[in-house]
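Below is one structure; the comments refer to it alone.
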Protein chains: 2
Amino acid sequence: MAQGPGGNGQHGETLLFLTDEQLRKGIEAMFFAYKGFTSDPDRILEERGYGRAHHRAIHFIHRSHGTTVNNLLAILGVTKQSLNRVLRTLIEDELVESRVGTRDKRERHLFLTDKGLVLERELSDAQQARVRDAFRSAGPGAVAGFRTVLEAMMDPEMRRRYQRLTENSR
Amino acid sequence: MAQGPGGNGQHGETLLFLTDEQLRKGIEAMFFAYKGFTSDPDRILEERGYGRAHHRAIHFIHRSHGTTVNNLLAILGVTKQSLNRVLRTLIEDELVESRVGTRDKRERHLFLTDKGLVLERELSDAQQARVRDAFRSAGPGAVAGFRTVLEAMMDPEMRRRYQRLTENSR
DNA sequence: TAGCAATGTCAACAAGGCTGACATAAAACG
DNA sequence: CGTTTTATGTCAGCCTTGTTGACATTGCTA
């Protein structure tokens, strides 16, 4: 089924993986997979009264120690008001530390505290466990394909940010 | 970089694609790609005063003509109150029709109206265009890997639903 | 007939997006 | 030096979309 003639030829070729049915499967796979992707951290966060937004902030602060608020805003793609609400609770709860910049004193540099690192580990372990299992069962070739497709799916601006992040892996 | 000894061996093997760094890349790729994945439909929906929840309902009603409310609830994984709010506006706006079941009169079967089909096409075209471009540039092998990894990332229950959906493609 | 299932609805609440407006401090510029 | 821009924070209010709990209706089923 869904293996019919396809009829989605381009330049005369028959590209079975580009039929409407295949695209729909890909779209639905993204929907269902993203749910699984976030489900484990979501459970942990809920126990502590945090949400997905807190996770994202924690993740990227961990990823880029000492990043500025502005940089984080650009990565997350939300408004400063949204981010600030989240950041304020994380700072109050002493998971994140905000240090005034030395070169430019207008900037605030963000760091995870020891307490913040503990939660980051916990969230990261849960999410990585699932991704690791998925990667392992799928195999290296599939993982490469997975990454290639995802990268091609990003907006150019996002792809730039993504690649910049993965380049200078600390 | 990140091509070091890896040190994440399992059973003595060196599984480079399972290093923490590789997992982190995969996780961040999901984050950025999902944003791109939803961005085009989101723009269209906003123009019409709808949200992502409306899109999901429209998508799965189109996908499974005549599905019941209960079935839709199971697929979407939200509460009936959440779904009902969305469904009500779609029915009021005459994008969706709700017909009392013939066999079981308690059930409501959901259908897209002509007007609903128009919006579905528009949303679907926008989303498929991006996915198609990504698939095309990545190639069939990458697409297969993409799907394999996503499927492995789903919760078992979601995977069951996903597979059931793709089986009986109408 | 009693009980369960499918649906709808009301109320209230929370997270996390958004906009707009305003304040402050520091850098940058002319 | 004075002006403007930048980085950040904050207040207020709005929207969508998720949640829980309670309750009503209808109709299937044992």
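These values consider heavy atoms only, across backbone and side chains, with no hydrogens, waters or symmetry-generated copies. Convention: sequence-line order gives letters A, B, ...; per-chain numbering from 1.
- A/N71 has its CG atom 17 Å from the P atom of D/dT6, to the nearest Å.
- Under 4.0 angstrom from either OP1 or OP2 of C/dG16 there lies at least one side-chain N or O belonging to A/H54.
- Side-chain atoms of B/K80 lie closest to C/dT9 of the nucleotides D/dA7, C/dT9, C/dG16.
- Summary of the strand contacts: A/T102 and A/V78 both lie near DNA chain C, and taking for each the nucleotide with the nearest heavy atom, the more 5' one is attributed to A/V78.
- Between A/N70 and D/dT8 there is a side-chain N or O to OP1 or OP2 distance below 4.0 Å.
- A donor N or O paired with an acceptor N or O is found under 3.5 Å between the base of C/dA5 and the side-chain atoms of B/R106.
- Mapping A/R103 and A/V86 onto DNA chain C via the closest heavy atom, the residue that lands nearer the 5' end is A/V86.
- Side-chain N/O atoms of B/K105 and base N/O atoms of D/dT26 include no donor-acceptor pair closer than 3.5 Å.
- Checking A/S39 against A/R130 by side-chain atom types alone, a donor-acceptor pair falls below 3.5 Å.
- Counting atom types as modelled, B/Q81 pairs a side-chain N or O with a base atom of D/dG21 as donor and acceptor under 3.5 Å.
- In the set D/dG9, C/dG16, D/dG18, D/dG9 carries the atom at the smallest distance from any side-chain atom of A/S98.
- Counting to the nearest Å, the P atom of C/dG16 and the CG atom of A/L73 are 16 Å from each other.
- In A/E46, the CD atom is not crowded: 12 or fewer heavy atoms of neighbouring residues, nucleotides or ligands sit closer than 6.0 Å.
- You'll find the ring centres of A/F135 and A/F146 inside the 6.0 Å limit.
- Counting to the nearest Å, the P atom of D/dT26 and the CG atom of B/D104 are 15 Å from each other.
- Distances shorter than 4.0 Å separate some side-chain N or O of A/S82 from OP1 or OP2 on C/dC18.
- Comparing D/dT8, D/dG9, C/dG8 against the side chain of A/N84 picks out D/dG9 as the nearest.
- Side-chain N/O atoms of A/R85 and base N/O atoms of D/dG9 include no donor-acceptor pair closer than 3.5 Å.
- Contact annotation: B/T79 side-chain N/O to D/dG18 OP1/OP2 distance is not under 4.0 Å.
- Spacing between atom CG of A/L72 and atom C1' of D/dT8 amounts to 13 Å, rounded to whole angstrom units.
- When rounded to the nearest whole Å, the span between NE2 of A/H109 and P of D/dA7 equals 12 Å.
- Proximity of B/K25 to A/E151: side-chain heavy atoms (C-beta onward) are nowhere separated by under 4.5 Å.
- Rounded to whole Å, atom P of C/dA27 lies 11 Å from atom CZ of A/R108.
- When the C1' atom of D/dT19 is taken as reference, atom CD of A/E46 falls 9 Å away, rounded to whole Å.
- If you run side-chain hydrogen bond (donor to acceptor under 3.5 Å, both in side chains) between A/D42 and each of A/K35, A/R52, A/Q127, only A/R52 comes through.
- Distance CZ (A/R52) to P (D/dT17): 14 Å, rounded to an integer number of Å.
- Side-chain atoms of A/R88 lie closest to D/dT10 of the nucleotides C/dA25, D/dT10, D/dG18.
- The closest side-chain heavy-atom distance from B/F60 to A/E28 is below 4.5 Å.
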